[in-house]
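Structure first, then comments.
For the numbers below, each heavy atom of this structure counts, side chains included, while hydrogens, waters and symmetry mates do not. Naming: A, B, ... by sequence-line order, numbering from 1 per chain. Predicted model only: the values in this text are computed from it and were never measured.
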Amino acid sequence: MARYSNIDDLDYADDSSDDGLHSFNDNNNSASSYRLTKYARPLIDYVRNEWQSNPKYASLPTTNSDTSDYPRWVQMLGSIVTAPRFRRYVLVYTTVLVSCWLGWKFVVSPRLEEHAAILHALDPQVKEEVGGWFGANALPRFDIIVQLRTLEPSLLPGEVTSESDEHGGRRLIFIGDVHGCKDELERLLEETSFNPDTDHLIFTGDMINKGPDSLGVVDLAREYSASCVRGDHEDRVLSLRHNMIAANTMNDEFLDDANMHRGQYTKERQLARQLSEEQADWLDTCPVVLNVGQIKDMGQVVVAHAGLVPGVDLDKQDPYSVMNMLTVDLDTHVPSSSRKGIKWTKVSYTLCFLRVCNRRLHETFENPESMLTTVIYGHDSKSSLSLKTYTKGIDTGCFKGGKLTALVVGDGGKQKTVQVRCNNHT
Amino acid sequence: MHLWGLLALTGAIWSARTEASSASSSGSAEQHYGKVVNQDDPDPLWDKYGLNKSEEFKYFHEPGHDDILGHYDSRYFTEPVADEERPQTMTYMVRAYLNFFEENGLETWIAHGTLLGWWWNGKVMPWDWDMDTQVPDTTLRQLADRYNQTVVQYSTKNADVQRTYLLDINPWARQRENGMGLNIIDARWIDMQTGLYIDITGLSKINPDKPNLWMDKHEHQYRTEDIYPLRKTTFEGVAAKVPFDYDAILIEEYGKNALTSTHFHNHTWIPESEEWIPDDQVADAIDDDKQYE
């Protein structure tokens, strides 16, 4: 076998050339390829790395001459596959294809499925099939819990943006979970240029417990006649406090330890004892749900500590769920404080979306935007700041060294967020 | 509303049982019990109350086991209460119970099916034949030591209705392990006219490795944070308490559908009137021609 018989083919086997097409033509021995090789030939002759004389390069043509035993189309295919440019294309296209597939499989498709599932879950026909949705019961009433309050309408920002002075108009300042971080709260108020005459503070619950100065936070809120909702921490501390008063154990810490099963809430009981009657009474007035009222571009604004079950009236929202929920079950709409399941905010979004898009609404109501609900909530520090069209999550984990967030809503429904960094109090 | 409690001594039944159990030898106790019993360890159940673990006997008896007879106490049963009278009888019974516990500062809360009834509309569900409450073991001990065999008079607003209830504590309530499983109900609040009753079960922490875990004698488990702090509410119009995380407890026991399904036991939930209506009356309740099972 002539080792160098196929010398024209050499340059496609040679890694120094990366022109796949070129070598393919060479192999064809067509007239055009001859011309190309003719131009290529002198260049390769200049290469002085002993590619022609050194036997260590000799093996390459050998393989080629071997392949020449195969049919021509196999040779062609072989040359295409071995061509570096082709390999690069293959690599690039494969990567693109794989990432497209991955994107579809793990991002787009699940979202579409989720959206379809949520739409299905909100379909009134499905309600019949599953036997009913959460929220049909008569609301459980509790002695010490206020279910719903409506904000004094005079506190709402104006319809139109005031042009003269940025701080001239009325503002609502919604503040996420403070957890007794009074210093940070004061800095935040400074940062928002808080003016007690024109601004109204609204706390999204969990003002107390965990952090260094719960009582200070309550006093500050009372001083500015702030509004608030009941968070799960207020709920636990206040419930403990009422039970301690009923059992006459307010003044005797020893009784806590004697009664083993309550040892669990040592910190909460301590705080319950520290709260003055006025402070506790003020916290007791915080409703489970605060109906803020209509604000331009936001529709009806509602504050709830953890969330609202989509589609259930405000006065029928289950109190424990409102203070603790993170997700809802799509079949039954039963809320859960576990993270497994669909976030209630997503269902809420779809529901609002359906309402705005619903043609019948456009026919029935002059201003369908007034049917919108925007929920401002806290509780979910793991998801941190979560500003969506119809839901605004503003617990940014201040107590753990995150941030304290204020959502400022001014005249004309203009919104902005203000944040301050927090010390880690864990 | 007039209420008074009368403390009575345990009668002949108690002493008869005590004698019966003392007759058997205490040494056979460990045969029925998986764990090794230290012979030097005094068994308070035996020493103080004469109860032999190996000869556990069923304390509460019912005239039958079906849906109707299984809900009466044998001692006070004569004939089943008519369907029309039953809801009123149950309401009086639970009101008297809740008032008695409240007035004596005894911690109790409503549980199981009764809690589900509370969740829907603060009332006993119309198909519920018995009611359930729970107490912590501290309360259970108080009941056994100080209130056992109390007979309580209850008169309604119209003075001619007088009811008497017996608070009867199972002697095996002092044994907090399941034992032979014959006495999972720790106490009963019995309507002495009809034999209908409220089942009272105690919760205790019997696993020292899990100080957070509360158990009854029927494999129900609760975490401290599910129950405490108790919430004050109303049930059948009187002050009552429910567990802190009532949702989780109900879902754990009955599933999510129990909180959403509006058809139950041939009854339909009518949101407008906030009542469960028997299916055969639904057509009258809702003005349409829908057919119900």
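- In summary, A/Arg236 and B/Asp245 do not engage in a salt bridge, as defined by a charged side-chain N under 4.0 Å from a carboxylate O.
- Summarising the geometry, atom NZ belonging to B/Lys232 is positioned 10.5 Å from atom OG belonging to A/Ser239; distances are rounded to the nearest 0.5 Å.
- A/Tyr265 places a side-chain N or O within donor-acceptor distance of the main-chain N or O of B/Tyr228, the cut-off being under 3.5 Å.
- Between A/Arg141 and B/Thr233, the closest heavy-atom pair is O-OG1, 2.5 Å.
- Across all non-hydrogen atoms, the minimal contact from A/Ala136 to B/Pro271 is O-CB, 4.5 Å.
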Could you give me the CA-CA distance, side-chain angles and deciding distance for B/Thr260 and A/Trp133, then say whether side chain to side chain contact (heavy atoms under 4.5 Å, CB included) is met?
-> CA-CA 5 Å; B/Thr260 58; A/Trp133 286 339; 5.6 Å; no
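- Under the 30°/60° scheme for interplanar angles, the aromatic rings of A/Phe142 and B/Tyr246 are found to be tilted.
- Pairing each heavy atom of A/Ala138 with each of B/Asn121, the nearest pair is CB-CA, 4.0 Å.
- Contacts of A/Asn324 with chain B are absent, with no heavy-atom separation under 4.5 Å from either backbone or side chain.
- Here the closest non-hydrogen pair linking A/Val334 and B/Ile251 is CG1-CD1, 3.6 Å.
- In the displayed structure, A/Asn251 atom CG is contacted under 6.0 Å by at most 12 heavy atoms of other residues, nucleotides or ligands.
- Atom NZ of A/Lys127 is surrounded by 12 or fewer heavy atoms from other residues, nucleotides or ligands within 6.0 Å.
- Nearest heavy atoms, A/Asn243 versus B/Leu230: ND2-O, 3.0 Å.
- The contact between B/Trp118 and chain A is made entirely by side chain atoms (from C-beta outward), counting heavy-atom distances below 4.5 Å.
- Contacts with chain B were tallied for A/Asp329, A/Leu139, A/Asp331, A/Ile145; A/Asp329 has the most, counting heavy-atom pairs under 4.5 Å.
- A donor-acceptor contact under 3.5 angstrom links the side chains of B/Asp247 and A/Ser321, judged on distance only.
- Distance check, rounded to the nearest 0.5 Å: CG of A/Asp318 to CH2 of B/Trp119 gives 6.5 Å.
- For B/Glu252, the CD atom counts as loosely surrounded, since its 6.0 Å shell holds 12 or fewer non-hydrogen atoms of other residues, nucleotides or ligands.
- Both the backbone and the side chain of B/Glu225 come within less than 4.5 Å of a heavy atom of chain A.
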Can you list the steps and then say if B/Arg231 with A/Asp235 is a salt bridge (charged side-chain N to carboxylate O under 4.0 Å, His left out)?
-> CA-CA 10 Å; B/Arg231 295 181 187 275; A/Asp235 189 33; 2.6 Å; yes
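- Proximity of a side-chain donor or acceptor of B/Thr262 to a complementary backbone N or O of A/Gly131 within less than 3.5 Å is detected.
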